[in-house]
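Below is one structure, written out as structure tokens; comments come after it.
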Amino acid sequence: MVVDFVGVQVMQAFQVQVIVDVSHSVPDRSYSLGLARAAIGAGVDGLYFEVAEEPGMALCDGRTSMRLDDFCNAMYRLCELAKAVKSYE
């Protein structure tokens, strides 16, 4: 799967909200935050994450699911980044 950030602007030209599915766009969770930061920089309206308390025990998508603790810690930083990006629009 390829995430095309040019498509973000194209889709937003249709005045629709653009959400990037972070979890299903990466081979494993180690790439999730990098993709999320890139998506925020591209101006997406939201992010979708698979989150599990114990991803190794998940019935599906465990490899790409973020750990709940990691997700909670990352959200603050991602929100701060989104505010900074919005201030430049």
Side-chain angles (χ1 to χ4, degrees):
M1 176 180 284
V2 174
V3 177
D4 177 7
F5 291 114
V6 173
V8 171
Q9 290 181 324
V10 171
M11 291 173 65
Q12 287 176 331
F14 291 100
Q15 298 181 351
V16 298
Q17 291 189 335
V18 179
I19 309 297
V20 169
D21 181 347
V22 174
S23 297
H24 295 106
S25 302
V26 295
D28 65 65
R29 75 181 70 85
S30 69
Y31 296 96
S32 295
L33 291 180
L35 179 60
R37 289 189 298 264
I40 289 169
V44 299
D45 299 295
L47 302 168
Y48 174 84
F49 289 91
E50 290 274 355
V51 179
E53 194 167 333
E54 294 184 43
M57 302 295 289
L59 297 177
C60 66
D61 298 327
R63 205 167 98 193
T64 59
S65 295
M66 286 187 72
R67 290 180 179 85
L68 182 58
D69 290 341
D70 294 338
F71 176 76
C72 292
N73 292 331
M75 285 310 299
Y76 175 78
R77 294 190 315 266
L78 293 174
C79 288
E80 289 299 309
L81 177 59
K83 287 178 196 174
V85 169
K86 295 277 185 208
S87 74
Y88 285 101
E89 292 179 349

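When reading the values below, keep in mind they use all heavy atoms of this one structure, side chains included, and skip hydrogens, waters and symmetry mates. Residues take their numbers from the sequence shown, with the count starting at 1.
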ask   = Gln12 versus Val8: any side-chain heavy-atom pair under 4.5 Å?
value = yes
Who pairs with [X] by side chain to side chain donor-acceptor pair (under 3.5 Å), at least two apart in sequence or on another chain?
X	value
Lys83	Glu80
Ser87	none
Asn73	none
Tyr48	Glu50

task = Could you name each residue pair satisfying ring pair (Phe, Tyr, Trp, His ring centres under 6.0 Å) that touches residues 66-89, not counting sequence neighbours?
result = Phe49-Phe71
query = Is the count of non-hydrogen atoms from other residues, nucleotides or ligands lying under 6.0 Å from Tyr31 atom OH greater than 12?
reply = no
ask   = In terms of hydrophobic clustering (I, L, V, M, F, W, Y; side-chain heavy atoms under 4.5 Å; direct or indirect links), are Met11 and Ile19 co-clustered?
value = no
What pairs of donor and acceptor atoms, side-chain ones from residues 32-44 against any protein atom, are under 3.5 angstrom apart with sequence neighbours left out?
{"unit_1": "Ser32", "atom_1": "OG", "unit_2": "Arg29", "atom_2": "O", "d": "3.3"}

ask   = Got a sec, which hydrophobics cluster with Met57, joining ILVMFWY side chains under 4.5 Å apart, including via others?
value = none
ask   = How many angstroms lie between CG in Leu47 and OG in Ser23, if you round to the nearest 0.5 Å?
value = 10.0 Å
message = Per the side chain to side chain donor-acceptor pair (under 3.5 Å) rule, what does the pair list look like for residues 55-68, sequence neighbours excluded?
response = His24-Asp61
